[in-house]
There are 2 protein chains.
Amino acid sequence: MTRRSADERREELIEAAIRVMIRDGVARTTTRAIVGEAGLPLGAFHYCFRSKEELLQSVIERIMVRALGPAVASVAEGAPTEEVVRTTLHAYWDRIRQHPDEHLLTYELTQYALRQPELAELARRQYQHYLEVSHSSLETMAQLAGIEWSVPLPVLARLALGVLDGLTLTWLLDRDDAQADAALEEYANYLLSVAKPRQH
Amino acid sequence: MTRRSADERREELIEAAIRVMIRDGVARTTTRAIVGEAGLPLGAFHYCFRSKEELLQSVIERIMVRALGPAVASVAEGAPTEEVVRTTLHAYWDRIRQHPDEHLLTYELTQYALRQPELAELARRQYQHYLEVSHSSLETMAQLAGIEWSVPLPVLARLALGVLDGLTLTWLLDRDDAQADAALEEYANYLLSVAKPRQH
DNA sequence: GTCTATAATGGGATAGAC
DNA sequence: GTCTATCCCATTATAGAC
């Protein structure tokens, strides 16, 4: 029996849509392509989703959450600041390197969402969320290394998000591993330069 | 006489297409919308351009070149490093703030170009060009301030492009001027920290 | 060269049999 | 609930009158 519940079908269609988007781009992700990828008849689409837009909303929510996940690496408390910073940055970068197409899709979906009045707010909230993750990631680093940042956290968090986002975008275009590593290393040096011993 | 040459019509259609893309997004920029914006009949399109794709190529080339322009501000040679750095960064940032929608379109078009096999290479070359501009901008700053950078220029250039690109993208989403300025200011501090007196 | 009318395609959505 | 067949629309592109 290959009978699936409506919820399972929704799930299948969301994942199929993501695969098609990664492979062919958002513009070419038609309802026909999605159901084809999922091995379902075209009619199945519209008793799982009211419209294509409703599916896209689900896709955007899922892919944007997935783009972050556990961003902080496991480092022992009390480790040297240098190790904490480098390990955290490399953990982020490994995720990018392992799923480049998925991250490219993240940018594409952000652009797409901004153009849909009903989805624009979702895109903005997502970047707000990214800022919060950046913020808490820096806090975790400070705690693990037993330091504090000499730059206000909101400013440092925004700069961090910008650096990582920008380096990611450039790397997605030229895939220059050596240069990306070198730039990330230099950013690590900067972070170390604004780490100060904690005040008691 | 409102007679125009074919070249002038091409020009009008390119500019009309850019206006529509800024207003409605790339996906909604149909040939009908473009000729409508230009005040031309639909038929005019296809004796100015072989296809929609050909127009898009022209649009991408133009908008990407326009996104840069004179990136370096006019600063007197021998000015203090701090002034050179801050003036240059503010010149860049003013451009963003004055034409936010155009810059958002730049990101959208980069994504679009990457999905078109014939345009993907154009997108990559453009980021290569951005890296070169970043490189030469840093060189100009060093010369004006009479310093040299203690970080290898290719690394510094990639980091600079990343920072500016990333901060731009975040600001385009949340339009938080104060936070963007603060982050840019902190990046200026970083640049000053890697500026060293020139060796003779 | 210029424009109108129309072709040809592919899309989202739905009707209705099972 | 499930799927087939179909509708209806918007799109790019072209044919052909002027």
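Every chain is numbered from 1, with letters handed out A, B, ... down the list of sequences.
For A/Arg32 against C/dG10, no side-chain N or O and base N or O form a donor-acceptor pair under 3.5 Å.
Comparing D/dA5, D/dT2, D/dA13 by their nearest atom to the side chain of B/Lys52 picks out D/dA13. The side chain of A/Thr31 lies closest to C/dG12, out of D/dT4, C/dG12, C/dT2. In the set D/dT11, C/dT4, D/dT14, D/dT11 carries the atom at the smallest distance from any side-chain atom of B/Thr30.
In terms of phosphate contacts, B/His46 brings a side-chain nitrogen or oxygen within less than 4.0 Å of OP1 or OP2 of D/dA13. In this model, the phosphate group of C/dA13 is not approached by any side-chain N or O of A/Tyr47 to a distance below 4.0 Å at OP1 or OP2. Phosphate contact (OP1/OP2 of C/dG12, side-chain N/O of A/Arg50, threshold under 4.0 Å): absent.
Using a 4.0 Å cut-off between a side-chain N of Lys or Arg and a carboxylate O of Asp or Glu, A/Arg86 and A/Glu82 qualify as a salt bridge.
Only one option out of B/Thr88, B/Val75, B/Thr81 pairs with B/Leu144 in a side-chain contact (heavy atoms from CB on, under 4.5 Å); it is B/Val75.
The distance between atom CZ of B/Phe45 and atom P of D/dA15, rounded to the nearest whole Å, is 17 Å. Here C/dG1 presents its P atom at 11 Å from CZ of B/Arg9, a figure rounded to the nearest Å. In this structure, CG of A/Leu42 is placed 14 Å from C1' of D/dC8, rounded to the nearest angstrom. If you take CG of A/Leu13 and P of D/dT2, they are 11 Å apart, rounded to a whole angstrom. Following rounding to the nearest Å, B/Arg28 (CZ) and C/dG12 (C1') show an atom-to-atom distance of 15 Å. When the P atom of D/dT11 is taken as reference, atom CG of B/Leu55 falls 15 Å away, rounded to whole Å.
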Next on the checklist: Using the rule given for side-chain contact (heavy atoms from CB on, under 4.5 Å), can you reason through B/His129 versus B/Met64, listing the C-alpha separation, both sets of side-chain angles and the distance that settles it, and then say yes or no?
Outcome noted: CA-CA 10 Å; B/His129 180 58; B/Met64 284 181 165; over 6 Å; no
Checklist entry - Could you walk me through whether A/Arg158 and B/Asp181 pass the salt bridge (charged side-chain N to carboxylate O under 4.0 Å, His left out) check? => result CA-CA 10 Å; A/Arg158 175 172 286 252; B/Asp181 279 342; over 6 Å; no
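Across all strands, B/Leu40 comes closer than 4.0 Å to no nucleic acid atom at all (heavy-atom distances).
A heavy-atom distance below 4.5 Å is found between the side chains of B/Tyr190 and B/Val151.
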